[in-house]
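In each ligand, atom 1 is the first atom listed, and ligand 1 is the first ligand listed.
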Amino acid sequence: MNEALPQSAVVPASDYVIIGGTGDLALRKIFPALLLRYAAGQVTDDFRLFVVCRQVISPEEFKAKLEPHCQPTLSGLDDGAGLLNRLMGLVEFACIDMSKPMSMTGLAESLMAKADAERPVIFYLSIAPSLFSAACQRIHEAGLVLPQSRLVVEKPLGHDRASSQEINDELLSVFREDQIYRIDHYLGKETVQNLMALRFANVIFEALWNNRYIDNIQITVAETVGAGNRASYYDNYGAIRDMLQNHLLQLLCLVAMEPPARFNADQVRNEKKRVLEALRPVRPENVVLGQYQEYAHEVGVPTTTETYVALKVLIDNWRWAGVPFYIRTGKKLKTRASEIVITFKNRPHDIFAKDGITDEINEIPNRLIIRVQPHEGLRLLLTSKEPGPGGMRLFPSELNLSFGETFNERLPEAYERLLMDIARGNQTLFMRLDEVLAAWEFIDPLVDLATKRIPLMYREGSMGPADDLLTSTGRAWFDPKEDA
Ligand code: NAP
């Protein structure tokens, strides 16, 4: 075991069946995460990892495809090459076409040979959503829907509420809700969970976390990359469905939710769902859609798909009445950063003003900045006295908590945590169906609006075209620092 890696709860030995195990997601995310958990001792030699795909692939070919994606991990470990070889010893291959009935019987024999109520059997659907229904049927007809079986699916789960309900109905015709793990990998990020610790393991912020003290909240998920080789997929989706429906709304829920009575899956998800249900439908004037200049050229045809969306969102409950949440996401922006900025209200009276009298308090407000990625951490912007004699001169100062520097160890990747939570049967960081549907309920009218509106063009390397959303209220976007 490598002591330099973070270690945590004991995970039961499991059978991980990765359907689509030779695809992009499996090679880039799933297997490298399993390798890191193997290095940390959570994945043990008693695990079995099944790669399911249509094309025949030898262990050597698979290892050659996987190795480049594991290089950053391997180079940082003692005996990285040996570790990958040992992990490969846990991998078994099954050549199965999920669209063909009764094609899973051979795999079923291998799985049943070790079947045990304490040994989770995890089916990870790393295939196109159009195959989800067929895959569930194969698992069912092979007799593999056992009490200890679990199903893992990734977004996109549909393109609107109705299609999401349809796909989920298909999953639920075979698996129970408590067996289904819907991944939004943002929820596996260290800082996203730290947001819950910050709010619910401390008293100082929670006391201020309401419309009495907070002026506005901004959530930015900015990417520097464009649609690139995903352009054909992305063009059918756009920023609203690709990012807003899931990642941004999840961050919004975690910032705005009430404290659950217990930190368990159902209570956390109940509170998140209440936030989604309290969202006020967004008026068209509070929506800005953008498209980066090169996008249509990349897609190869004229298109009005939005690559940027910004909204002013209001939450109709006692805590948040009147507090605007400004949320934005886009591609080809200036900085790659995901950040939540809580801006507090100004002090009610300025004792430092000349003669103690002032009509307007001109100051930099306190801000709490939660950096989700990269360089995870927290910054608290305060006002201090400038050192030295000669009067009370105020200047902005900063408390800075960089998680990377404070915790002298590597922060685990989101997939590492999520894969281990699935094996441990902990659904807290996965989306429940009613949450997914409540998110679509909010999103459907925005998608409809996007079909009728031409997006504003924005320059690559800018922060998008939504400044006017705030300037009319005297506020401005608080852009992520590039070197934060
Ligand atoms: P991909 O690169 O196209 O890989 C698809 C995999 O599915 C391959 O292993 C392929 O094996 C297998 N497959 C295709 N048809 C099959 C069939 N009939 N029976 C059995 N296996 C079959 O796709 P991906 O990008 O990894 O995406 C997988 C899923 O994750 C999709 O639902 C996608 O929306 C979701 N997702 C992906 C990413 C990402 O970063 N890639 C991010 C979020 C969500 P063969 O080549 O042998 O056919």
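Shown here for A26 and S126, the closest heavy-atom pair between the two residues is N-OG, 3.9 Å.
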Handout entry: Check against salt bridge (charged side-chain N to carboxylate O under 4.0 Å, His left out), D479 and R328
Key = CA-CA 11 Å; D479 289 339; R328 62 178 169 171; 2.8 Å; yes
Problem - Residue pair Y308, Y458: steps toward the ring-ring contact (aromatic ring centres under 6.0 Å, His included) verdict - result: CA-CA 9 Å; Y308 175 98; Y458 63 93; 5.5 Å; yes
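The closest non-hydrogen atom to atom 32 (O) of ligand 1, taken over I127, L157, V56, comes from I127. Of the candidates K100, H185, K29, R54, it is R54 that places a heavy atom closest to atom 15 (N) of ligand 1.
Heavy-atom proximity to M98, at under 4.0 Å, picks out these atoms of ligand 1: 17 (C), 18 (N), 19 (N), 20 (C). Listed by number with element, the atoms of ligand 1 under 4.0 angstrom from any heavy atom of I96 are 19 (N), 20 (C). Near D97, meaning under 4.0 Å from one of its heavy atoms, ligand 1 places the atoms 17 (C), 18 (N), 19 (N).
Taking the side chain as every heavy atom from C-beta outward, L90 and L34 never approach each other to under 4.5 Å.
Protein heavy atom closest to atom 25 (O) of ligand 1, with residue, atom name and distance, is D24 CB, 3.5 Å. From the protein, the heavy atom lying nearest to atom 30 (O) of ligand 1 is L25 CD2, 3.4 Å.
With a heavy-atom cut-off of 4.0 Å, L131 touches ligand 1 through its side chain alone. Looking at E154 against ligand 1, only its side chain comes within 4.0 Å, counting heavy atoms.
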